[in-house]
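These notes concern the structure reproduced below.
Side chains are part of it too, since the values below use all heavy atoms of this structure and drop only hydrogens, waters and symmetry mates.
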Amino acid sequence: MLKPANRLKKDKDFQSVFKQGRSFYGDNLRLKAKPNQLKSSRFGVVVSKVVSKRAVKRNLLRRRLTEILRLKIRAGLVKPGFDVVINVKPEALTLDYQQLDLEMAELLKKAGL
C-alpha cells in the first residue's frame, strides 16, 4: 500500500490531472501526469468495470500496480513533484506481475518520471 503522502485521494485532484495532465500510452496502461507543488509525487490507479465486471479481478490489478509504484518510490526511481493517474486497459488482465512492472517502468520513463 502506498503511503498517504503518495496517494491521490480527492476527486478534485483526480479531475485536475485528467483535465491538465499530459498523457502517455503503453500497450495495457495509460498514464496522465501533472506537476504539483509538493515534495512528493502522488499516484492514483483507476481500474474501471470495463476491465472486468468482477471486483476481485479489478482489485488484484490495482493492488499489483500500487505495490509496483510503492517499490519504485522506495527505491528512489520516481521523481518527486508530480500527480499521476494510471488507467488500466482490459488487456492488462492477461499480464503477470513482471510484465506489469516492465510496462510501468516504460511508462514512467516515457513521462520523464
- Query: Can you tell me if S40 uses its side chain to pair, donor with acceptor, with the backbone of N6 under 3.5 Å?
  - Reply: no
- Can you name the side chain to side chain contact (heavy atoms under 4.5 Å, CB included) partners of A75, sequence neighbours left out? L77
Distance from [X] atom [atom1] to [Y] atom [atom2], nearest 0.5 Å?
X	Y	atom1	atom2	value
L95	N28	CG	CG	4.5 Å
R74	L71	CZ	CG	7.5 Å
L31	S23	CG	OG	8.5 Å
L100	I68	CG	CD1	5.0 Å

Any side-chain heavy-atom pair from [X] and [Y] closer than 4.5 angstrom?
X	Y	answer
K34	K19	no
I86	L69	yes
L93	S52	yes
L65	M104	yes
N87	L29	no
V45	L61	no

So, for [X] and [Y], which heavy atoms are closest and what is the spacing to 0.1 Å?
X	Y	value
P80	K39	CB-O, 3.1 Å
K72	A105	NZ-CB, 3.9 Å
F43	I73	CE1-CD1, 3.5 Å

- Do V78 and L102 belong together in a cluster built from hydrophobic side chains that touch within less than 4.5 Å? no
- Query: With the threshold set at 4.0 Å, does a side-chain nitrogen-carboxylate oxygen contact exist between K89 and D27?
  - Reply: no
- Lys/Arg-Asp/Glu bridge criterion (N-O < 4.0 Å) met for E67, R64: no
Return a table of donor-acceptor pairs under 3.5 angstrom between the side chains of residues 106-113 and protein atoms on other chains or two or more places apart.
residue: K110; atom: NZ; partner: Y25; partner atom: O; Å: 2.6

- Mind checking who shares a hydrophobic cluster with V17, ILVMFWY linked at side-chain heavy-atom distances under 4.5 Å? L8, F14, F18, V46, V85
- Message: Here's a test for you: under side chain to side chain contact (heavy atoms under 4.5 Å, CB included), which of R63, R58, R62 qualifies with L60?
- Response: R63
